[in-house]
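Only heavy atoms go into these numbers, but all of them, side chains included; no hydrogens, no water, no symmetry mates. Bear in mind that the values here come from a model prediction, so they are computed numbers and not experimental data. Every chain is numbered from 1 and lettered A, B, ... according to where its sequence line falls, protein lines coming before strand lines.
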Protein chains: 2
Amino acid sequence: MKIDGRFWLTKENQSFLGVGRIDLLEWIDKTGSINAAAKEMKMSYKAAWERINGINALADQPLIERTTGGKGGGGTKLTPYARELIATFHRFNELHRQFIDRFSEAGNDPERLARILSRTFLTTSARNQLPATLTSINENGLHSTLTLSLAGSDTLLSTITAKSVENMGLSVGCDVYAIIKSSDIKISTSASSNGDNSLSGIIEGIERSAENVEITFRLDGGTLLIALEKHDSLQNFQVGARAFALISPLHIIIGL
Amino acid sequence: MKIDGRFWLTKENQSFLGVGRIDLLEWIDKTGSINAAAKEMKMSYKAAWERINGINALADQPLIERTTGGKGGGGTKLTPYARELIATFHRFNELHRQFIDRFSEAGNDPERLARILSRTFLTTSARNQLPATLTSINENGLHSTLTLSLAGSDTLLSTITAKSVENMGLSVGCDVYAIIKSSDIKISTSASSNGDNSLSGIIEGIERSAENVEITFRLDGGTLLIALEKHDSLQNFQVGARAFALISPLHIIIGL
DNA sequence: ATACGTTATATTTTATAAGATATAACGTAA
DNA sequence: TTACGTTATATCTTATAAAATATAACGTAT
C-alpha cells in the first residue's frame, strides 16, 4: 500500500495547470509547435489546442505566442513567464513528492507524523542562511570540516560533528545552506590569524542601538551578511569601507 | 492563483482509497447500509457498490461486513481495520492540507516563494533541536531575550535579534525549537556565573576520540543533550555523575 | 501565383462513464 | 407463507468526453 498525490494550480476555482499541461508546455517549448507537441504526447491536435487555449484564457499573463502562416506555417513559442512558471512548478512538484514519500515512510506512527510536519517548514532565527555548495569533507575524529563554496569565489569552512555528516547524508557537490547567527559574525579591518573564516567585502550599512551595532556586509562574491556586534567592539567603521567578516567554523550550522 | 492538491492510497499501481471513497465509507458507518450511504452522497446504489467492491477487492484485510436478508433486509458494517484506515487518512489529509496551504500563502510573490522553498525540509547539522515553549520575550535594543520552557521544569534563555522575532512572528506561547550545536554546550561540575544557561542533569554516556569527547547529557526534566568538547577541557567526568550543561544564550538559534 | 505547415474552428463519429431500470437471493419477523 | 429492505447483478439508456475528419485563414519562400 503506497501513497500517491498530485497538486495543481487553480484560478477562480478552476484548475488550470497540472502536470499534464506542464508536460504539454514543455513539449511545445522543445518542438516549437502545438501540432508536434500533440504528436509527441500522443494526443489529438484538438485536445492539445483546447488545453493550451484554456490555460491562456485563465492566465493573467500570456504564456505562449502563436503565429500563423509564414515559413513552416507558423508556430508557438513560450513566453519567459511560462518558463518561470514551469520551473517553479517543478520545484513544487519535487517537494510535494518528498512530502508524500515521507508519509509513506511514517505509516501509522503518530509521533513520526507529527515530526514530519514540524520539520517540513523550519524557519530559523539565524539572520544568515547562505546558499552554498559542498566542495570537500575532511573527517577528523568526531569532527568533520566542510569546505563550502559561496556565490562568486568566496569559500567558507564549517566544522560539524561527523555524525551530522552521516545523518544528513552529506557528500561533495551537495547544495546546502550555511546558517550563521548574526552575533557570530565579527567585522574587522584585519583578517583572522587563528583559523577563523576571513571573508573580505564592503560595509553596506550600519544601524546603531544603545548597546549594539548591526552591520550589513557585502562579500566580494556578492553574498550579503548581517552581523551584530557589541558597541564597544566597533572599530569606528563607516559605510563603504573595506573590511573582513570573521566567522568561526564552529559556529556555522549546515542546513540541507 | 492558488494551489490545490490531493493524495490517495494505491495498491499495485491502482488507486483504491481517495477522499471520495473515504466519504462513502464514513456514510456507510453512519447509516449502516450502502443504499442509504449512496442516497446521502447523491449517487446511484450501483456506483456506490462498485466503489465499495473495488476497495474490498484490493484491500488485504476486509474493510466491511455485508449481510443480506434478515430484519431490515440486511446491511453493511465497517470493520475496526476500516475505522483505523479512515482515521489515518484524515491525519494524512490534515497534514497534506497544511502543506498545500503553506505554499498558497506565497501567492504570486516570487520572493516569498523562494523563502518558503528554502525552508522546506530544512534539516540542520545541529545535533540538539529541542522542542520548547516560548514563555517570555524581553526586547533590548536590537536584541531580544527569549525565555524557553523545555520538558520538565527546565528553562533556557536565548538571545536573538529583535528583527528575527519580528520576521518569525514569535509570541509568548509559541511552540518552537531551540537549536544548539553540540560544540556550543559545555559540561561542567559547577553552574555558570556569567549569565549562561546552567542546566543540571546526569551524564549518560561518554565517547572519546583523539582530540574530542562527545557527552550524552540527560537534563533533570528529561531532555537529552549532546555536547562535544575538546579533550583537555574535560574535568574527569564519568557516566552517572551529576553536572551542569552550560550554554550561552547567544548560541541558541530558534526554529519555528 | 502556388505550395507549405502551421493555427483555428466546426462537425461527426466513437468510446467511455454514468445513470436508470429491473430482478434475483437472502433471512428474519409477523 | 408472505412482506420487507437490503445486497448483488445484469441490461439498457443517456450523457459526457475523446477522437477522427474536414476545412478555412495565415504569411513567407519559392
Side-chain angles (χ1 to χ4, degrees), chain A residues 6 8 13-59 61-79 81-82, chain B residues 6 8 13-59 61-79 81-82:
Chain A
R6 284 208 171 170
W8 54 90
N13 284 329
Q14 296 181 64
S15 134
F16 92 104
L17 252 192
V19 56
R21 297 182 182 204
I22 288 287
D23 266 8
L24 187 56
L25 284 177
E26 287 185 305
W27 274 115
I28 289 174
D29 200 20
K30 282 178 199 162
T31 61
S33 98
I34 298 178
N35 208 349
K39 282 196 182 103
E40 290 283 357
M41 294 191 69
K42 285 167 188 170
M43 58 167 65
S44 68
Y45 171 81
K46 188 198 159 201
W49 182 84
E50 277 174 344
R51 278 166 180 71
I52 290 298
N53 215 37
I55 294 173
N56 241 28
L58 282 169
Q61 292 181 45
L63 294 177
I64 53 175
E65 283 175 1
R66 298 182 269 198
T67 57
T68 78
K71 176 184 181 179
T76 302
K77 283 185 179 178
L78 298 195
T79 63
Y81 177 66
Chain B
R6 284 208 169 170
W8 54 89
N13 285 328
Q14 295 182 64
S15 135
F16 93 104
L17 252 191
V19 55
R21 297 182 182 202
I22 288 287
D23 266 8
L24 186 57
L25 284 176
E26 287 184 306
W27 273 115
I28 288 174
D29 199 21
K30 281 179 199 160
T31 60
S33 97
I34 297 179
N35 208 348
K39 283 196 182 102
E40 289 284 356
M41 294 193 66
K42 286 168 188 169
M43 58 167 68
S44 68
Y45 170 81
K46 187 198 160 201
W49 182 84
E50 278 172 346
R51 277 166 179 70
I52 290 297
N53 215 38
I55 294 173
N56 241 27
L58 282 170
Q61 292 181 45
L63 294 178
I64 53 173
E65 285 175 359
R66 297 182 268 200
T67 56
T68 77
K71 175 183 181 181
T76 302
K77 283 185 178 177
L78 297 195
T79 62
Y81 176 66

Length of the CH2-C1' vector between B:Trp49 and D:dT7, whole Å: 9 Å
Atom-pair distance (CZ on A:Arg51; C1' on D:dA19), nearest Å: 12 Å
Side-chain N,O (B:Thr67) to OP1/OP2 (D:dT6) below 4.0 Å: no
d(CD1, A:Ile52; C1', C:dT7) in whole Å: 12 Å
Between C:dT6 (P) and A:Ile28 (CD1): distance, integer Å: 13 Å
Rounded distance in Å - NZ (A:Lys77) to P (C:dT7): 13 Å
Earlier contact from the 5' end, DNA chain D, for B:Asn35 and A:Lys46: B:Asn35
Length of the NZ-P vector between B:Lys39 and C:dA20, whole Å: 12 Å
B:Ile64 and its side chain to side chain contact (heavy atoms under 4.5 Å, CB included) partner, picked from B:Asp29, B:Thr79, B:Ile52: B:Ile52
Charged N-O contact under 4.0 Å between A:Lys46 and A:Glu50: yes
For atom CG of B:Asn53 and atom C1' of D:dT9, their distance in whole Å: 11 Å
Shortest side-chain distance from A:Tyr45, nucleotide among C:dG19, C:dT7, D:dT6: C:dT7
Integer-rounded Å distance: D:dA18 P and A:Lys42 NZ: 18 Å
Working for side chain to side chain contact (heavy atoms under 4.5 Å, CB included), residues B:Lys39 and B:Thr31: CA-CA 10 Å; B:Lys39 283 196 182 102; B:Thr31 60; over 6 Å; no
Presence of B:Arg66 side-chain N/O under 4.0 Å of D:dT6 phosphate oxygens OP1/OP2: no
Sugar-phosphate, base or nothing in reach of A:Ser33, heavy atoms under 4.0 Å: sugar-phosphate
Criterion side chain to side chain contact (heavy atoms under 4.5 Å, CB included) on A:Arg51 and A:Met43, from CA distance to verdict: CA-CA 11 Å; A:Arg51 278 166 180 71; A:Met43 58 167 65; 4.1 Å; yes
